[in-house]
K.L.:
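Would you mind keeping the following structure in view while I ask a few things?
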Amino acid sequence: MKVPVFSTTGSSDGDIELPLVFSTPIRNELIHKAYLHLESHAFQRQGRYPNAGMDVVAESNSPPTGHHQARVARMAGGGGGRQGQAGGVAMTRKGRQAHPPTSEKIVHKMLNKKENRLALCTALAATTSSTLVKLRGHKVDKINSFPIVVSDQIESVFKSKELAKIFDALHLSQDIDRLKERKARTGKPRLRGRQAKIGKSVLLVVKDSKNLTKAAGSILGVDVVNVKNISVLDLAPGARPIRLTVFTKGAIEEISKIKSPHLEIMVTTK
């Protein structure tokens, strides 16, 4: 499948043949699974102080009953305070947890390498579907071909003003302006300093992201990712396919290096 290549001014700059990866059958359930597994790798493990709730002076046999009866430990001391209160066990006030979480526990989920690669391939293939892009909420009324491929000249841009002009030429500004219309959040999020919730707009997949990362830093919803680090987390935020994605010509050439015998069988027998 051939798609047009656009220059930074929006004019046509020839065509490019999309790699075999973009012909992968789209499987939303595989994208969802891969996203959840990869997202869990960023979880922070919890732990508890081993002696939490146990650093107290409490004895279970003071005073002794003389009948060998087990009793809840009571606080020692005198003069009020916590004297005589139960402590040092899980069922008491200010006591320890019965089964506290440990930092040694593995909290991330494992994902097979081939399954992860297939999920990435089907996520890349989903970027060619205008229906899925519109279902996510992107405004792409003036865009006719998906995915959008731009010449490598865009990688030399390092100013936000210049990048905004390129977005105007490619008819991508309408989707970026969509985020400015979002209403501010109220209630608990606002009280806790989370009044603004920034959405997702254009994703730029490039071969060299050094300059573009600085240029896109002040533009709402725009993210830049190196093609070697591309992941399902970037292509389908929230496990919902698929994001409005712009590839550079060099990034398409790097994607064509993705090889998989399973992928070739799936595409040829589709």
Side-chain angles (χ1 to χ4, degrees), residues 27-120 123 179 182-200 203 209 213 217 220-221 223-226 228-241 243:
R27 295 178 57 184
N28 293 343
E29 78 285 353
L30 192 57
I31 295 175
H32 185 271
K33 179 182 178 181
Y35 183 91
L36 295 181
H37 282 63
L38 294 174
E39 187 185 36
S40 67
H41 291 190
F43 291 169
Q44 183 174 356
R45 293 182 292 182
Q46 294 189 10
R48 293 293 181 269
Y49 175 57
N51 293 334
M54 300 293 291
D55 288 339
V56 293
V57 180
E59 298 181 8
S60 62
N61 195 32
S62 180
T65 61
H67 298 285
H68 304 286
Q69 293 176 343
R71 301 195 305 179
V72 177
R74 301 288 173 171
M75 297 290 182
R82 294 198 63 189
Q83 179 210 2
Q85 290 185 359
V89 291
M91 64 181 181
T92 62
R93 177 173 173 264
K94 295 188 178 181
R96 64 176 177 85
Q97 269 190 298
H99 303 285
T102 60
S103 60
E104 292 80 10
K105 182 179 179 180
I106 298 176
V107 296
H108 66 272
K109 299 181 179 180
M110 304 297 291
L111 185 65
N112 294 335
K113 291 183 179 179
K114 292 181 180 179
E115 193 172 13
N116 184 23
R117 178 177 295 182
L118 183 58
L120 176 62
L179 303 182
R182 297 169 69 104
K183 294 183 179 180
R185 303 163 81 188
T186 59
K188 291 293 185 181
R190 182 167 185 170
L191 293 175
R192 294 169 180 170
R194 299 192 295 267
Q195 178 180 354
K197 186 176 180 181
I198 301 175
K200 296 292 185 181
L203 173 67
S209 59
T213 302
L220 285 177
D223 294 324
V224 181
V225 62
N226 193 306
K228 294 183 179 179
N229 302 327
I230 190 69
S231 170
V232 176
L233 298 175
D234 303 313
L235 294 169
R240 290 180 54 202
R243 190 173 179 180

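Both backbone and side-chain heavy atoms feed into the values below; hydrogens, waters and symmetry mates do not. Given the structure is predicted, the values throughout are model-derived calculations rather than measurements.
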K.L.:
List the steps, then state whether side-chain contact (heavy atoms from CB on, under 4.5 Å) holds for K94 with V56.
P.N.:
CA-CA 10 Å; K94 295 188 178 181; V56 293; over 6 Å; no
K.L.:
Please evaluate residues L179 and R182 with respect to the criterion side-chain contact (heavy atoms from CB on, under 4.5 Å), reporting the C-alpha separation (whole Å), side-chain torsions for both, the decisive distance (0.1 Å), and the verdict.
P.N.:
CA-CA 6 Å; L179 303 182; R182 297 169 69 104; 4.1 Å; yes
K.L.:
Decide if atom CZ of R190 counts as having more than 12 heavy atoms of other residues, nucleotides or ligands within a radius under 6.0 Å.
P.N.:
no
K.L.:
Kindly compute the distance separating CZ (R45) from CD (E104), expressed to the nearest 0.5 Å.
P.N.:
7.5 Å
K.L.:
Are any side-chain N or O atoms of Y35 and backbone N or O atoms of G238, one a donor and one an acceptor, separated by less than 3.5 Å?
P.N.:
yes
K.L.:
If you draw a 6.0 Å radius around CD in Q44, do more than 12 non-hydrogen atoms from other residues or ligands fall strictly inside?
P.N.:
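No, the 6.0 Å shell around CD holds no more than 12 heavy atoms from other groups.
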K.L.:
Please round to the nearest 0.5 Å and tell me the distance separating atom CZ of R74 and atom CD of E59.
P.N.:
13.5 Å
K.L.:
Are the side chains of D234 and D223 in touch, meaning some heavy atoms are under 4.5 Å apart?
P.N.:
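Side chain of D234 against side chain of D223, heavy atoms only: no contact under 4.5 Å found.
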K.L.:
How about CD1 on I198, more than 12 heavy atoms from neighbouring residues, nucleotides or ligands closer than 6.0 Å, or not?
P.N.:
no
K.L.:
Go through the steps to decide whether I230 and L235 satisfy the test side-chain contact (heavy atoms from CB on, under 4.5 Å), and finish with yes or no.
P.N.:
CA-CA 8 Å; I230 190 69; L235 294 169; 4.1 Å; yes
K.L.:
Would you say H37 and E115 make side-chain contact, with heavy atoms under 4.5 Å?
P.N.:
no
K.L.:
So with a 6.0 Å cut-off around CZ of R194, is the heavy-atom count from everything else above 12?
P.N.:
yes
K.L.:
For the NZ atom of K109 and the CG atom of L38, what is their distance to the nearest 0.5 Å?
P.N.:
11.5 Å
K.L.:
First locate atom OG1 of T92, then atom CD of Q85, and finally report the distance between them rounded to the nearest 0.5 Å.
P.N.:
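Answer for the OG1-CD pair, T92 versus Q85, is 9.5 Å.
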